[in-house]
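Within every chain, numbering begins at 1; the chains are lettered A, B, ... in the order of the sequence lines, protein sequences first and strands thereafter. We use all heavy atoms of the structure for the numbers below, so side chains are in, but hydrogens, waters and symmetry mates are not.
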Amino acid sequence: MILVDDRTRVVVQGITGNEATFHTLRCIEYGTEVVAGVTPGKGGSLWEERTPVFESVEEAKRETGATASIIFVPAQFASDAIIEAVDAGIPLVVCITEFIPTMDAITWHRYLQGTDVTVIGPNCPGIISPPARCKVGIMPAAIHMPGNIGVVSRSGTLTYEVVAQLTSEGIGQSTCVGIGGDPLPGTDFARILRRFEADDDTHAVILVGEIGGSMEQEAAAYIETMSKPVIAFVAGASAPAGRRMGHAGAIIEGQSGRAREKMAALESAGAVVVENPAEIGATANRVLSSREVC
Amino acid sequence: MILVDDRTRVVVQGITGNEATFHTLRCIEYGTEVVAGVTPGKGGSLWEERTPVFESVEEAKRETGATASIIFVPAQFASDAIIEAVDAGIPLVVCITEFIPTMDAITWHRYLQGTDVTVIGPNCPGIISPPARCKVGIMPAAIHMPGNIGVVSRSGTLTYEVVAQLTSEGIGQSTCVGIGGDPLPGTDFARILRRFEADDDTHAVILVGEIGGSMEQEAAAYIETMSKPVIAFVAGASAPAGRRMGHAGAIIEGQSGRAREKMAALESAGAVVVENPAEIGATANRVLSSREVC
Amino acid sequence: MKLHEYQAKQVLSQYGIPVPEGHIAANQQEALEAARIRGGKSILKAQILSGGRGKAGGIIATDCPEEAGHAAARLLGNSLVTGQSGPQGLPVNLVLIEEQVIPDRELYLGLLVEPSRKRIVFMASARGGMDIEELAGTHPDEIVSVAVDPLTGLLPYQARVLARALGLSGQLAVQSARIMRALYRLFVEKDCSLIEINPMVVTEDRGLIALDAKVSIDDNALYRQPEIAALADISQEDPLEQRAAQAGFSYVKLDGSIGCLVNGAGLAMATMDLVTLLGGRPANFLDVGGAADELRIRQAIELLLDDRDVKVAWINIFGGILRCDVVAKALLRVLEDRHPAIPIVVRLQGTNDAKARDMLNSGPMTVMLETELGRAGRLAVAASGMTGKKRGAAS
Amino acid sequence: MKLHEYQAKQVLSQYGIPVPEGHIAANQQEALEAARIRGGKSILKAQILSGGRGKAGGIIATDCPEEAGHAAARLLGNSLVTGQSGPQGLPVNLVLIEEQVIPDRELYLGLLVEPSRKRIVFMASARGGMDIEELAGTHPDEIVSVAVDPLTGLLPYQARVLARALGLSGQLAVQSARIMRALYRLFVEKDCSLIEINPMVVTEDRGLIALDAKVSIDDNALYRQPEIAALADISQEDPLEQRAAQAGFSYVKLDGSIGCLVNGAGLAMATMDLVTLLGGRPANFLDVGGAADELRIRQAIELLLDDRDVKVAWINIFGGILRCDVVAKALLRVLEDRHPAIPIVVRLQGTNDAKARDMLNSGPMTVMLETELGRAGRLAVAASGMTGKKRGAAS
C-alpha cells in the first residue's frame, strides 16, 4: 500500500464542523486511527467525547504524533490550513475542501517546492487502503475490498463506480487515491504511479483520468518505464471544448486537454485504455488474469 | 581549492560598466577565463574587442558554457541579476554590488531555498584561488600566493591585510572567500568551512569575522566538528553598541552580536583566536608550524 | 466568469494600461452621441461574451456618427451568432464605440495559469491579431512563454525577454515592462484565470495600446471580488444554465436528447461518454454535487423535465455521502407532482441502494430501474430512440 | 534611518493601526493649543531619536493645558540626555501632546529582520512596557517569535499563534490579526528594518492601541522611499557625522583622541581594535569606502583635522582599487593647504605603495611613515600620549 498504512495517525483540521464530524466518524468506524482534531478557539475540548481538539496543527502533532492530516475547513481558510500542516511537519496532507481559488493554489504549490510533503486534493475523496483498514477520506468504505490493485483518479463518484466494479469482479485494492478535480492538484498521476510501481503490495494500477490539462500525458511518459500493468479510462470523450465540466480542472483548452489525445498517449505508453466506463472492472479482470497478476 | 578552479568559466553581469570593465580586465590578467558578459541592450557586441556580450545570462550560458557569474550592476538591479543567474542554471554567483536593500535580500534568499546555488556576497571582494590562478572578484591579486590555507572573511581590505600578512610569512592560500559585509550574505562561514574541511588542497583555515549577527557562533558549532585547525579574528572589539560600523551587517544588537561573545564561542570550539589584527600572519605561522600543517 | 470587452478595458485602464478611448451605448441615441464625441470615424463593437465577433459582423468600422448610430441600431436587441457562440447566438445589449486606432504592428500578449507549471504564465508573440491556438499550430516558435514565480512577481529580466519576443526595444520595451507588471498585478489582485490582449498594437505616436482584451475571473474567487462579481451579465447565459447556476449545480446544455442527472463530475462525464458510445446523445452535463439533499435532487429532476430537448431522463447516482433513498424520495415526489410523460431510467448504487430500489419498485411504471451501469445506459439510449420517434410523431 | 515617534505613529495610522490622538508642537503656544484640543489631562513626549526618554524626564503627564504649555516650554529648545543618547544629549525641537490612554494591559509587539532566519520575524509578548532585551534576559519563555515567509506574508494561523502569545482572544484576537497584517505590509512596503510597538495596550473601550512606536528604515532602500527619506531629522545627528554622511563616508564619532582614516569597514574596525589594544583610544570609525578618489580622501583628512578631539591622525590604507599614490597626493595637498599642528601617522600598503612612500618621504616632517600594521599602531598611540599632553597644556 502507499501513502497510508496501519501506523498512520490522523489529525483532522476543522474537526468540529458538521461534514468533518460525519466523515471523521466514518473513518474511525473503518479503522483509521484519528488521534487529534484542530479547531481554533476550541483547543482543550474533546470532540465527540473521544478525540482531543487543539488550537494548532503544531500542537496537535507535538502532543499526539500525528503523521497525516485531513482538511475540512471552508475554501477561504483551506490554503492556510495546508501550509499550517506543512509547517507543523505533517508529511501527508489530504485536502477535501472544494472551490479553493487558483491564486491560493499557486501560492501553496510554490510553498511545497523543495519539501517532501505530499498534498492529496484539494477537491478530492481522499485515500483509502483496504488492507490497512485505513481511510483518510470521504469515500464509502463498504465498496472496497483488500487486494493488490492500486487506483488513482481525478474523480470522486467515478472512482467509487470503478472500485465497485473491481470489487464485484473479485479484484481487491491495495490503495485508492483520489487526487482531486482541481486544475492544480497537490499531487499528480505520475507521482502516485511512481509510488505504486515501488510498492510490493500493488501488482497493477487503474488510472481514471479526465479532460483538461496534460496530466495524463505526463503520466503516460512515466507509464512507459513501468513494470506493472496500467489500465486507464479518461472521462469526457463526449464533452464539448471550452466548457467547464463540473470540476474546475475539467475543461478542454487546446489540443492536449482532449480525451482522445490523452487516451492515445496512454495507449502508446503501453496502458490498456478502456473506452466504455461500464467495462473497467471486466477489462481489469481480463487483463489481470491474462498477465497472472492477481 | 573550493568554489572555483582552473575550469571555471565566468560570465560578468553588467560587464560594460566602468568598474566592471576595470575589474574584469584584472581578472583576465590574473588568469581567469572570462567567457561572456551580459548587458541588456548591448547583446551582440564585443567587450574590449575580446569578449562577447549577451542580452541575458541564459543566452550567455547557452552560448559559452559559463559556470560562474560575477555581478557588478547597481544595487537596484542586483537582486534581479542574482535571480536571473540562478534561473539560467549558474551554480556560483559572486555579487560585488553594495547597498542592496534588505527586503530584496529576503526575497532572493527565499528564492535560493531548495536550490544548490552558492551566492557569494553581496558587498564582497569575491573569491580568489591562487593555485588555480582564478580570481572572481576585486581583490588585489599581487598580495596572494599559492598554498594550502583557506581564508574566509566578512571584510574586504581586512582580508587583504590578512592575506598580505600570510604571504609575507611565506604562507600561501588555497582559496580566499569574502562572503561580504551585509546582514544577509548569500552564504555563511559554516558553509564555506564545510567546503574547506572537505577540500584536500586546504590544510587550515583563517576566519575573519566581525561584530553583528550570530554567524561566528554558528561557525563555532561547526568548527567543533572540524579536523583542520582554524585561526580566527573578530573585528570590532572596540566598537560601541547600536552603531553601524560601515558594513550594513556590522552592528551590535543584543548579546550575540558582540565581538567578545563571538571570540569566546570560537575559542571554546577549538579555534585559535587572535586578538591583535597585526599578528594574524605570525600566529598562523606559529600554529601551523607547531601542527606541521604547512 | 468572463468579462465583456468594455469591462475588461475598464479594468485594464484602472491599472494604467492604455486602451482606446471609447464609450458604451445601449441604444441608437446613445451610440450616436458616443460617436459624436469621437467626431468622424469610429469602431462599433458588439458586446457579447464570445469570440469570433469580427467574422460574424459584430465589429463595424463607421465613417460618421450617423452611420455609427444606424449600425448600433442594427446590432442592438438582436442575437449575434459567431463560430463560438452556439447556434442560438448571444444577445447584443450593448455596443462599444471606440476611436479608430491606426496600428504600426499587432502583437499578442496573454496571461494564464499553466497547470503543469503551476504558475501564471505570460505568452507573447510579435504576430498579434490571430487566434493563439492557430498561431501555436502554424508558428509555435514565435510564441515565447515566461512563467512567473509568485514569490518575486514578474522579474525585470523576464520583462526584457518578453519585450524581445514582442520585437520591442528602447522606450517601447520600457513601456511594455510597465504594462506587463501592471497585468501581472491585475491578474493576481483580481483573481483572473485569463487575460488576453490581442492585438496589443504599436502606434506611431502613442506607443502601445490594448486594442482588444479578454479577461476571465476564477469563479472560486468571486467571493472576494465583489466588484468583479457585480459585472456578471446573465443575459449571456442559457436560461437553463442560469437556473442551474442559481441552484448550485454544474450544468452544461448539450444538443442531444438524453437528460443525465449524476452526482460527481467524473461520473457525469462518464455517463455522457457511455450514452454517446452506445449511439445516444446526451442533452446535458449535470452534476448535482456532493452536498445534494432531497430539495436539490428535486430541482435537478425538474430542470431535466423542463428542458424541451430531453426525451429520456437518466438518473445515475453512486451513493456515497448522498444516500440513494433520498434520491428515490425526491424522484417519487416529482413523479407525483408532475406525472412526467417521458421515460425515466434510474440507476442507483451505493449507500441505501436496496431501500431506494424498494421504494421505486412500488412507484409508477415510468421509472425503469437498473443497477448495472452498462445496462442502464443501453436502456436510456433505447428509450431515447423510441420516445424520440413517438414524441416526434405526436408533435 | 530612525523615525521620530510622531512620524512612526503617522505611518502606523496610514496603515489603519490605532494610535492615541495627538498633536505635535514646536513651541509653548502650539503646545498649549494642542493640549486645549485634549481638554484636561494630556501626555507630553519629547521627540528625540533615542530611547530612555521616560527616565530622563522627557515624558510628562499633565493635568491641564496650561501645565502642558509650561512643560513644553521647559523641554523645547533644550537637549535631553538619556541613557542611550550620549553625554551631549539630543536637542528637543518638537513635543508630541497626546491624550492619556488608560491601559488594561501592556503588550509587546516587534518586527525585525533576523539574519540567521533571513526573514521578517514578529516578536510578541504579553509582558509589554519593558525593554525587549531586558525581557529576553528575565523572561525568555514569554517572548514568542514567528518568522514570515515572503511568499505568503503573515499567515492566518501565525496571527493566531501571536494572538495567543499576547493573551488575546475573541474580538481582540481578530483585531490583533488585522494589526499584524498591516504591520507586515508596512514593514515590507516601507522597507523597514525595525518596528517596535511597546507598549501595545489593551483598552476597555477601544481595543488595541499602539501607545509608543519605534520605526527604523533600511538606509539602502531610502532611494525608493522618497516620502520616508523626507522625514529625516538631521538635528539629531552629530555635526561631524552629518558632514561625513554628506560626503558619503561611513563615520561614527567616538570619545578617544586618535583619528582613524581607513578604507574598508573591517580594516577600520581592526584599526580601532588595535589602537585600543595598544592602550590608545580611537576618536572615530571612518571608512572612506571602496570608491574613494583624491577629493574624497582630502575631505576625509579634513574631517579628522576639524575634529577638536583628534590629537593624532592615523591614515591606514590597504590599497586595492584605491591606489596608495592617490592617498599620498591628497595628503600632501592638505598638508600644504592647512599645515596641521597634529602628528599624522601614515601606513600605506598595496597598490603603488612604494611610489606613495617616495612622495611622502620628500614631504613635511609631521608625517610618520610606517608600513607594518602593528608598528604603525604603536606609533599612533605613542604620538597620542605625547601630543595629548602637549596640546592639553597649551589650551
At a heavy-atom separation under 4.5 Å, does B:Q76 approach chain D through its side chain, its backbone, both, or neither? both
Counterpart residues, side chain to side chain donor-acceptor pair (under 3.5 Å), relative to D:S145 (two or more places apart): D:R117
Gap between atom CG of D:L267 and atom OG1 of B:T157 - 0.5 Å precision: 4.0 Å
Under 4.5 Å from a heavy atom of chain D, the part of B:M139 involved: neither
So, taking the atom named CG in D:L254 and the one named CZ in B:R243, what distance separates them when rounded to the nearest 0.5 Å? 8.0 Å
For D:Q349, which atoms come within 4.5 Å of any heavy atom of chain B: side chain, backbone, both, or neither? neither
Cut-off 4.5 Å, heavy atoms of chain D, and the answer for B:P185 is backbone
Chain B heavy atoms under 4.5 Å from D:V188: which part of the residue, side chain, backbone, both or neither? both
D:I120 versus chain B, heavy atoms under 4.5 Å apart: side chain, backbone, both or neither? both
As an exercise: rank B:A237, B:P125, B:S153 by heavy-atom pairs under 4.5 Å with chain D and give me the winner. B:A237
Applying a strict 4.5 Å limit to non-hydrogen atoms, the region of D:A270 in contact with chain B is both
B:A142 versus chain D, heavy atoms under 4.5 Å apart: side chain, backbone, both or neither? neither
Given that the side chain runs from C-beta out, which part of D:Q84 has a heavy atom under 4.5 Å from chain B: side chain, backbone, both or neither? neither
If you measure from CG on D:L222 to CZ on B:F99, what distance do you get to the nearest 0.5 Å? 12.0 Å
Return yes if some donor-acceptor pair links the side-chain N/O of B:S238 with the main-chain N/O of D:T276 below 3.5 Å, else return no. no
With chain D as the partner chain, list the residues of residues 102-123 of chain B whose heavy atoms fall under 4.5 Å from it, by residue number, and write 'none' if nothing qualifies. B:T102, B:M103, B:D104, B:I106, B:H109, B:R110, B:Q113
How long is the gap from CD on B:Q217 to OG on D:S116, to the nearest 0.5 Å? 10.5 Å
Among the listed options B:S155, B:A164, B:A235, B:S168, the residue most often paired with chain D at heavy-atom distances under 4.5 Å: B:A235
D:E114, CD atom: more than 12 neighbouring heavy atoms under 6.0 Å: yes
Say you draw a straight line from CD1 of B:I143 to CZ of D:F318; how long is it, rounded to the nearest 0.5 Å? 4.0 Å
What part of B:E210 gets within 4.5 angstrom of chain D, counting heavy atoms only: side chain, backbone, both, or neither? side chain
Using heavy-atom distances under 4.5 Å, tell me whether D:F187 contacts chain B through its side chain, its backbone, both, or neither. both
Side chain from CB out, backbone as N, CA, C, O: work out which of these in B:V234 comes under 4.5 Å of a heavy atom of chain D, or both, or neither. backbone
According to salt bridge (Lys or Arg N to Asp or Glu O under 4.0 Å), does anything in residues 260-287 of chain D pair up with another residue at least two apart or in another chain? List the pairs. D:D255-D:R281
Toward chain B, the part of D:E241 with a non-hydrogen atom under 4.5 Å: side chain
Please output the side-chain donor-acceptor pairs of residues 271-281 of chain B that fall under 3.5 Å, not counting sequence neighbours, one pair per line with the distance.
from   : atom 1 : to     : atom 2 : distance (Å)
B:N276 : OD1    : B:A278 : N      : 2.7
B:N276 : ND2    : B:E279 : OE2    : 3.4

